[in-house]
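For reference, the structure discussed in these notes is given below.
Just so we're on the same page: letters track the sequence lines, and every chain starts at 1. None of the values given here were measured: they were computed from a predicted structure.
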Protein chains: 2
Amino acid sequence: MSLRVLRPNGPTLVPTPRAGSGAVAEDTGCGGCLVRHLAVCAALPVEQARTLEALAGDIPLRAGEVLAREGDARREVFTVTSGALRRIRLLADGRRLVAGFLMPGDFIGFSGASHYRHSIEAVTDSSLCAFSMQDMRSLCSRHPELERELLERACVELDNTRANLMSLARMTPLERLASFLLDMDGRRRRQGHGGDEVILPMPRTDIADYLGLTVETVSRSFTRLRQDGLIATEDPHRVALKDRKRLAALAEMPA
Amino acid sequence: MSLRVLRPNGPTLVPTPRAGSGAVAEDTGCGGCLVRHLAVCAALPVEQARTLEALAGDIPLRAGEVLAREGDARREVFTVTSGALRRIRLLADGRRLVAGFLMPGDFIGFSGASHYRHSIEAVTDSSLCAFSMQDMRSLCSRHPELERELLERACVELDNTRANLMSLARMTPLERLASFLLDMDGRRRRQGHGGDEVILPMPRTDIADYLGLTVETVSRSFTRLRQDGLIATEDPHRVALKDRKRLAALAEMPA
DNA sequence: CGAACAGTTGATTCCGTTCAAATCTGGTGG
DNA sequence: CCACCAGATTTGAACGGAATCAACTGTTCG
């Protein structure tokens, strides 16, 4: 009933090109892509499915494995097709930041830098769809809709990241956690899931490093929200939102 | 020798369309634009100067005046041509965040939302060049280079905002301030200024709300950096960087 | 069974906040 | 010109909340 266990620092990534070869894996090309409606590819006409497939590489990752390391040269961009990843950055003395979590449909590649500014690690077993930056650029010049879609998404990501600034700079631990839970809920809903249950695939450490707190404080905050009846937790990775109203009030979110 | 005094909350913005009318103001159209090389417009061919001018509106702001309020409908995008502005957001109980500062050449308009998520206020007397979002969209469809430039800039802004996350989540007051000073220095340099002097047009309160600290802590951090010989300050708005190396070490920046 | 690790809970410490006050500056009006 | 005021900045003292240190529980996996 629980999720996969994390294994600390897996070896390295072995990108797996896919083009043209007789695929042993699932038969679903872009046409049957489960996250197409969530992904940037949706900006392209369906007839382009073949072209896309030819350019795309499929990358499976086991929990804990590293897709890219901070400092590596950026050569590809990705769309998450399943699982969950984290974007992390370390200071010399070990202080850690989780700059964000990446879920199915999310695009990885909005950066103006030539090298990764964060490592990208799989939180759970995941898979991604990869394009070389070159291919992506040429796709963009042929399909302005794609570039427009990318800009639109970059803007939304910027909105979200700016919202996180408020959380980190001025909100209390309880408020940050409420905010985080509602955010995760929103993402889950956008993926078509319903109900009041939020799934948190990541360990408490990741939540702490995402919210700028310690694990202990995060744990105490969960306990507090539970005691106050805002949430219920059968298992640390499954949280039931019991009182959306008060959660939203804590997070100071519109709804 | 000092900068303009801030006046708290000026009245409101009175946008000033400019197209076609016999301009009383400075004769410099886009051709003579002082920030053209810094602005997104640089992506357009020079022959387009006339077209741009016809679409652009000039907006002068006095220190403290508000360009846009959180919650207002977004109808225009802007390029800062002079001065300095801040992007702010308030919580119900008055807690304040400065999500960023906007300097000459900066583009204001990277957001996926239909309404402003932050208020934009002038820190000092400023001026901006305004385009309706409609005009901007049509310019983009005619000139893919412009859309590419916008995407590129949105990505860079995302990089910078993500870097701020680390500052807010995990760095000490001293490190945050060092980081901020080097950042401001970098922006000043990119505008063509040299020397070791950084100009901080904003009051300490803004710096505090930007770094997620109190004014007192910011002030103490300045004092500390001064005592340790990393900086010198003749006046609160002018800071001389005395020891870039140690500042960079504090900020954990590459250089 | 025992080791390793995630998560929770408790006790104590410490850093940044809060509260308070002094200093300095520029601007105003007598 | 100078006294005075308002706001910005700095400095000091005390407090408090999250970090730190530590211990315990529960689960997974060898």
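Taking atom CG on B/Asp93 and atom P on C/dT18, their separation rounds to 11 Å, with Å as the unit. One interatomic measurement links the two molecules: CG of B/Asp206 to P of D/dG7, which rounds to 16 Å at whole-angstrom precision. The CE-P distance, from B/Met171 to C/dG16, rounds to 13 Å in whole Å. Between the CG atom of A/Leu225 and the C1' atom of C/dT8 there is a distance of 15 Å, rounded to whole Å. Straight-line distance from the CG atom of A/Leu211 to the C1' atom of D/dG17: 17 Å, rounded to whole Å. The distance between atom CD of A/Gln227 and atom P of C/dT8, rounded to the nearest whole Å, is 12 Å. Atom CD in A/Glu175 sits about 10 Å away from atom P in D/dA18, given to the nearest Å. In this structure, CZ of A/Arg224 is placed 13 Å from P of C/dT9, rounded to the nearest angstrom.
No hydrogens or angles considered: a donor-acceptor pair under 3.5 Å links the side chains of B/Ser127 and B/Thr81.
Of the possible polar contacts, none joining the A/Thr233 side chain to the A/Asp235 backbone as a donor-acceptor pair under 3.5 Å is found. Side chain of B/Arg74 to main chain of B/Gly109: a donor-acceptor pair is present (N/O by atom type, distance under 3.5 Å, no hydrogens or angles).
Considering only the side chain of A/His237, C/dG7 comes nearest among C/dA20, C/dT9, C/dG7. Side-chain proximity of B/Thr172 to the nucleotides C/dG7, D/dT9, C/dG16 is greatest for C/dG16. Of all nucleotides listed (C/dG7, D/dA19, C/dT9), D/dA19 comes nearest to the side chain of A/Thr214. Among D/dA19, D/dT9, D/dG12, the nucleotide with an atom closest to any side-chain atom of B/Ser219 is D/dT9.
Both A/Thr205 and A/Arg170 sit near DNA chain C, but only A/Thr205 has its closest nucleotide nearer the 5' end. Of the two residues near DNA chain C, B/Glu216 and A/Thr233, the one whose nearest nucleotide lies more 5' is A/Thr233.
In this structure, A/Tyr210 has its ring center under 6.0 Å from that of A/Phe101.
Side-chain nitrogen and oxygen atoms of B/Arg220 include none within less than 4.0 Å of the OP1 or OP2 phosphate oxygen of D/dT10. For C/dT9, one of the phosphate oxygens OP1 or OP2 lies less than 4.0 angstrom from a side-chain nitrogen or oxygen of A/Thr223. Between B/Thr217 and the phosphate of C/dT17, there is a side-chain N or O to OP1/OP2 separation shorter than 4.0 Å.
Salt bridge annotation for A/Asp106-A/Arg87: absent, with no cationic side-chain nitrogen under 4.0 angstrom from a carboxylate oxygen.
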